[in-house]
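Only one structure is covered here, and it is reproduced in the block below.
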2 protein chains.
Amino acid sequence: MRIASWNVNSIRARLEHLRTFLGSASPDVLCMQETKVEDEKFPEEALGDAGYRVVYFGQKTYNGVAIAARYGLGIEDVKKNLDGDEDDAPRRLLAATIEGVRIVNVYVPNGQAVGTKPFAYKLAWFERLGLDLATHHKPDEPLLVCGDFNVAPTNLDVHEPKRWEGQVLCHPDERAALGRLLSWGLVDALRERHPDEKVYSWWDYRMGAYRKNHGLRIDLALVTSPLLARTKDVWVDRSVRELERPSDHAPVLIDIGESQA
Amino acid sequence: MRIASWNVNSIRARLEHLRTFLGSASPDVLCMQETKVEDEKFPEEALGDAGYRVVYFGQKTYNGVAIAARYGLGIEDVKKNLDGDEDDAPRRLLAATIEGVRIVNVYVPNGQAVGTKPFAYKLAWFERLGLDLATHHKPDEPLLVCGDFNVAPTNLDVHEPKRWEGQVLCHPDERAALGRLLSWGLVDALRERHPDEKVYSWWDYRMGAYRKNHGLRIDLALVTSPLLARTKDVWVDRSVRELERPSDHAPVLIDIGESQA
DNA sequence: GCCCTGCGGG
DNA sequence: CCCGCAGGGC
């Protein structure tokens, strides 16, 4: 089973690229972030025409998450947002079980700048995500937590660590929060498979960052040990980041083999 | 010599279509309206790459006119706006002499709604245009006045005259104003050559008007008798109106033969 | 830079 | 329906 995660930066602005990606990478499941569309206006038909059933949880202008799965795959036990989130909370989490794999699709708050209220909200959101996982799951279940984490785990995941040191996306407090999440029983699958590779998933639209490969790896696939054992490979597909008017993120993909149970 | 007139509805939003049109119709001269760009930001290079020299007279957001002529053709005696227009007047007229033909490129005010102040301004603009022509030209000169006139000359130029009766673009006062312009010594070249054809040049973006061919002919090529004698044909080229994200107008083209003088 | 939301103009 | 613009987010 191939699962992809992609911050599309507006699903309506990215429909053509979405078709291109589904056609070329052919994932069985696609987790999307920053769909930026309320559910009533979600382009369900376009996904259907491409051969995917989709569940979505979005809002106007900001945030919004969705999971598309190839027709024939069941999408079970859908969960929206974190426990305790009010109805008007930013829509940042969508979880579902597909082919026995629990998939938690997250769009972690960006945090704006270190020391701000949004930054505190981001750190708290990480803690609440940890609580959520501990409440509903165990580290020995096949669980994938993927999405835009808005944190580069280590300096290996940053093109120019000096320039980013202490900045939002690279701050020790964010890395520690991610670390606590991992310590529960998750592994950063790409880094596990490719311990030394410089791989990025996001390049700022500004300053010609993509052209210069000034990127960060902030889109992650975290897996429990039973899923890690089934993981064949993890990689970033830059092809859609090369197109005209792309999302600022490239998709992360993970190939998972059959369960031996 | 082939001269085209096209309301592009933002030249920057239409650059790709513009290249397509110049490549397929291959006009020697292209008069554009609603360029919607200040002169400092005019995409002169794109036109140059396509093989055209260009003069322009535009402003931010609204209006704006330009004339492109194939390299090798001279662009002489450029005139901007009507006599008496202040510097801050809407930029709606650009005239130039090319290959001995005086070309007056106009974007007549829309008029918004009958009875409004903009409507009165539109009627006054027509009168001032007439004065301008009478001041600077004679009906026995080779003169072309082309552009978006925002008037459908007769009900033959309207897909559903009943629905448009008395409305702006079809109101008797506008038609009379256009009539006075013609009475000075101009002929509606397309109608002269095709007396009974239903031909439209503009279709509202809304209500699927193009799909239903609910159009109006408001883009005109008016010629003096010496030019009429040289006119081989006049037509509307719908090809660029069929593309994705088109202008709401289609170009009008006129083919003019060599002077016998 | 590129996305969103309104708004005003057509 | 499709432009432009301004303002905010990332």
Side-chain angles (χ1 to χ4, degrees), chain A residues 7-15 17 33-38 41 58-64 90 92 107-114 116-119 121-122 148-151 167-169 202-212 214 216 218-219 241 243-249, chain B residues 7-15 17 32-38 41 58-64 90 92 107-113 116-119 121-122 148-151 167-169 202-212 214 216 218-219 241 243-249:
Chain A
N7 180 321
V8 291
N9 189 13
S10 170
I11 192 168
R12 286 177 295 179
R14 219 66 60 205
L15 273 185
H17 289 20
Q33 303 88 38
E34 285 208 84
T35 52
K36 293 188 177 177
V37 65
E38 46 202 326
K41 297 184 179 174
Q59 66 187 89
K60 207 192 258 197
T61 314
Y62 305 118
N63 314 306
R92 297 183 168 278
Y107 173 49
V108 175
N110 167 281
Q112 240 164 229
V114 175
T116 63
K117 217 162 144 177
F119 190 76
Y121 180 78
K122 177 181 192 173
D148 177 357
F149 286 77
N150 271 315
V151 180
Q167 300 296 308
V168 74
L169 306 187
W202 172 80
W203 301 260
D204 199 300
Y205 280 126
R206 292 161 286 190
M207 316 285 284
Y210 185 76
R211 191 178 38 79
K212 296 183 269 190
H214 285 185
L216 275 73
I218 60 178
D219 299 273
R241 176 72 245 230
L243 303 174
E244 290 287 302
R245 294 185 91 69
S247 166
D248 44 351
H249 294 254
Chain B
N7 179 321
V8 292
N9 188 13
S10 171
I11 192 169
R12 286 177 297 178
R14 218 66 60 204
L15 273 185
H17 289 20
M32 289 165 273
Q33 304 87 37
E34 284 206 85
T35 52
K36 293 187 176 180
V37 66
E38 46 202 324
K41 297 183 179 176
Q59 66 188 92
K60 205 194 259 198
T61 314
Y62 305 117
N63 314 307
R92 299 183 165 278
Y107 173 48
V108 175
N110 169 281
Q112 237 163 229
T116 63
K117 216 162 145 178
F119 189 78
Y121 181 78
K122 177 182 192 170
D148 177 356
F149 285 77
N150 271 314
V151 179
Q167 301 296 307
V168 73
L169 307 188
W202 172 80
W203 300 260
D204 199 302
Y205 279 127
R206 291 161 287 191
M207 315 287 285
Y210 185 76
R211 190 178 38 78
K212 295 184 270 193
H214 284 186
L216 275 74
I218 59 180
D219 299 275
R241 176 72 243 226
L243 303 174
E244 290 287 304
R245 293 186 90 69
S247 166
D248 45 350
H249 294 253

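Chain letters run A, B, ... following the sequence lines, proteins first, then strands; residues in each count from 1.
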Name the residue closer to the 5' end of DNA chain C, choosing between A/Ala13 and A/Met207 according to the nucleotide with the nearest heavy atom.
A/Met207
Nearest-nucleotide wise, let me know which of B/Asn110 and A/Asp248 is further upstream toward the 5' end of DNA chain C.
A/Asp248
How many Å lie between [atom1] on [X] and [atom2] on [N], as a whole number?
{"X": "A/Lys36", "N": "C/dT5", "atom1": "NZ", "atom2": "P", "answer": "9 Å"}
{"X": "A/His249", "N": "C/dG1", "atom1": "NE2", "atom2": "P", "answer": "18 Å"}
{"X": "A/Tyr62", "N": "C/dG6", "atom1": "OH", "atom2": "C1'", "answer": "12 Å"}
{"X": "B/Asp148", "N": "C/dG9", "atom1": "CG", "atom2": "C1'", "answer": "14 Å"}
{"X": "A/Glu34", "N": "C/dC2", "atom1": "CD", "atom2": "C1'", "answer": "11 Å"}
{"X": "B/Leu216", "N": "C/dG10", "atom1": "CG", "atom2": "P", "answer": "16 Å"}
{"X": "A/Arg241", "N": "C/dC3", "atom1": "CZ", "atom2": "C1'", "answer": "13 Å"}
{"X": "A/Asn9", "N": "C/dT5", "atom1": "CG", "atom2": "P", "answer": "12 Å"}

Ignoring the backbone of B/Gln112, work out which of C/dC2, C/dG10, C/dC3 is nearest its side chain.
C/dG10
Would you say the side chains of A/Glu34 and A/Asn7 form a donor-acceptor pair under 3.5 Å?
yes
Is the A/Trp203 ring parallel, tilted or perpendicular to the A/Tyr210 ring (thresholds 30°, 60°)?
perpendicular
First locate atom NZ of B/Lys36, then atom CD1 of B/Ile11, and finally report the distance between them rounded to the nearest 0.5 Å.
13.0 Å
CG/A/Asp248 to CZ/A/Arg241 distance, rounded to the nearest 0.5 angstrom?
6.0 Å
Side-chain heavy atoms of B/Val108 within contact of B/Lys122, under 4.5 Å:
yes
Going by heavy atoms in the side chains, are B/Asp148 and B/Ile218 under 4.5 Å from each other?
yes
Please identify the 5'-most and 3'-most nucleotides of DNA chain D with any atom under 4.0 angstrom from a heavy atom of chain B.
D/dC1 to D/dA6
Of all residues at least two apart in sequence or in a different chain, which pass the side-chain contact (heavy atoms from CB on, under 4.5 Å) check with A/Lys60?
A/Glu38
Does A/Arg14 put a side-chain nitrogen or oxygen below 4.0 Å from OP1 or OP2 of C/dC3?
yes
